[in-house]
Amino acid sequence: MRRPAPVIFATMLLLWALVALLNHYLAVWHVHVFAGGLLVTYGALHLPLRSGLLVTAALSLVLEAGTGITPGTHLFLLGAAHAVIFHVRDRVPRDQTGTRVIIALLANLGLFLVLSFLLIGRGPAPGTMWPRLILDLVCSQVLIALVAPWFFALQERALVLAGATPRRLL
């Protein structure tokens, strides 16, 4: 397979569906997890800039379809996160799982905080939402720390099965 971008996009859709299902079950306790940083990390670390940004853009359109936020918000934020990770990828050991997990955690923290600041004004009492947002952030970061090694291995295995080994992407 000459184009690994569809394989990466398919694995991102799988994670998005699993996180949406988890959020459905966590809604009983008024908890929401966000995994945007994990979705962006592998593509930014291993795909060329153009195809990685196209995959991130397609994914952000999927993410926006299920939310009531201003169109283009996920597109801009995930695209910016992708670009930042892409430009630092030569300075980090991107083949190590620990480094990937840390990058995903930092990207998720940044994306979560920016989205929270953008959307906090929509609530009736913005000051009272911070404890819940902090709980959501902690749950999101714990989820990413636990799921990221599995997800990165899934993406690498999917690329191998599709005939595009991760080494040939660089």
Side-chain angles (χ1 to χ4, degrees), residues 8-9 11-47 52-53 55-57 59-70 73-89 91-123 125-158:
I8 297 296
F9 181 70
T11 59
M12 290 174 161
L13 281 178
L14 174 66
L15 181 66
W16 168 76
L18 291 174
V19 169
L21 187 64
L22 178 63
N23 281 330
H24 175 74
Y25 288 112
L26 290 176
V28 174
W29 295 291
H30 304 286
V31 176
H32 178 266
V33 293
F34 177 74
L38 181 58
L39 291 169
V40 172
T41 302
Y42 191 86
L45 288 175
H46 294 286
L47 291 176
L53 279 174
V55 168
T56 300
L59 178 73
S60 53
L61 294 175
V62 170
L63 289 174
E64 285 183 357
T67 62
I69 64 173
T70 307
T73 304
H74 279 103
L75 181 64
F76 175 74
L77 292 176
L78 292 179
H82 180 93
V84 168
I85 294 170
F86 180 83
H87 286 295
V88 299
R89 75 181 191 174
R91 297 178 191 96
V92 297
R94 55 184 161 176
D95 291 334
Q96 296 179 0
T97 304
T99 304
R100 293 178 191 168
V101 172
I102 291 170
I103 290 171
L105 286 168
L106 291 173
N108 199 63
L109 174 66
L111 288 169
F112 187 91
L113 290 176
V114 170
L115 274 172
S116 295
F117 280 114
L118 288 175
L119 301 176
I120 193 86
R122 290 185 174 189
T128 62
M129 293 180 66
W130 283 109
R132 179 178 175 250
L133 289 174
I134 291 170
L135 175 66
D136 289 350
L137 175 62
V138 168
C139 291
S140 298
Q141 296 296 78
V142 168
L143 174 79
I144 287 178
L146 293 174
V147 172
W150 166 81
F151 185 61
F152 294 139
L154 172 75
Q155 288 180 313
E156 287 181 356
R157 186 65 183 151

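In plain terms, the two heavy atoms of H82 and A44 that are nearest each other are CE1-CA, 3.3 Å. What you find for M12 and V55 is that their closest heavy atoms are SD-CG1, 3.4 Å. Residues L59 and F9 come closest through the heavy atom pair N-CE1, 3.6 Å. Residues T70 and E64 share a closest heavy-atom pair of O-OE2, 4.3 Å. The two residues A35 and V19 come nearest to each other via the heavy atoms CB-CG2, 4.0 Å.
In this structure, the separation between OG on S60 and CG on L53 is 9.5 Å, given to the nearest 0.5 Å. Atoms CD and CZ, from E156 and R100 in turn, are 4.0 Å apart once rounded to the nearest 0.5 Å. Atom OG1 of T56 sits about 12.5 Å away from atom CG of L77, to the nearest 0.5 Å. The distance from atom CD1 of I85 to atom NE2 of H46, rounded to the nearest 0.5 Å, is 11.0 Å. Here the straight-line distance linking atom CZ of F152 with atom OG1 of T97 works out to 8.0 Å at 0.5 Å rounding. Between atom CG of residue L14 and atom CG of residue L154 there is a gap of 6.0 Å, rounded to the nearest 0.5 Å.
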Please tabulate, for side-chain N and O atoms in residues 101-115, each donor-acceptor pair with protein atoms closer than 3.5 Å (sequence neighbours left out).
unit_1	atom_1	unit_2	atom_2	d
N108	OD1	G36	N	3.2
N108	OD1	G37	N	3.1
N108	ND2	F34	O	3.2
N108	ND2	Q141	OE1	2.9

Begin from the C-alpha positions of L63 and L78 and carry the test side chain to side chain contact (heavy atoms under 4.5 Å, CB included) through to its verdict.
CA-CA 10 Å; L63 289 174; L78 292 179; 3.4 Å; yes

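By the side chain to side chain donor-acceptor pair (under 3.5 Å) test, T73 pairs with no residue at all, sequence neighbours left out. Residues forming a ring-ring contact (aromatic ring centres under 6.0 Å, His included) with F76 (at least two apart in sequence, or on another chain): none. Residues passing the side chain to side chain donor-acceptor pair (under 3.5 Å) test with T41, sequence neighbours excluded: none.
Sequence neighbours left out, the pairs with a member in residues 126-142 that pass salt bridge (Lys or Arg N to Asp or Glu O under 4.0 Å) are R132-D136. Note on residues 137-149: no pairs pass salt bridge (Lys or Arg N to Asp or Glu O under 4.0 Å), not counting sequence neighbours.
Between L15 and V147, the closest side-chain pair of non-hydrogen atoms falls below 4.5 Å. By the 4.5 Å heavy-atom criterion applied to side chains, L133 and I120 are counted as neighbours. Side-chain contact between V33 and L26 is present, with heavy atoms from C-beta onward closer than 4.5 Å.
No more than 12 heavy atoms of other residues, nucleotides or ligands sit less than 6.0 Å from atom CH2 of W29.
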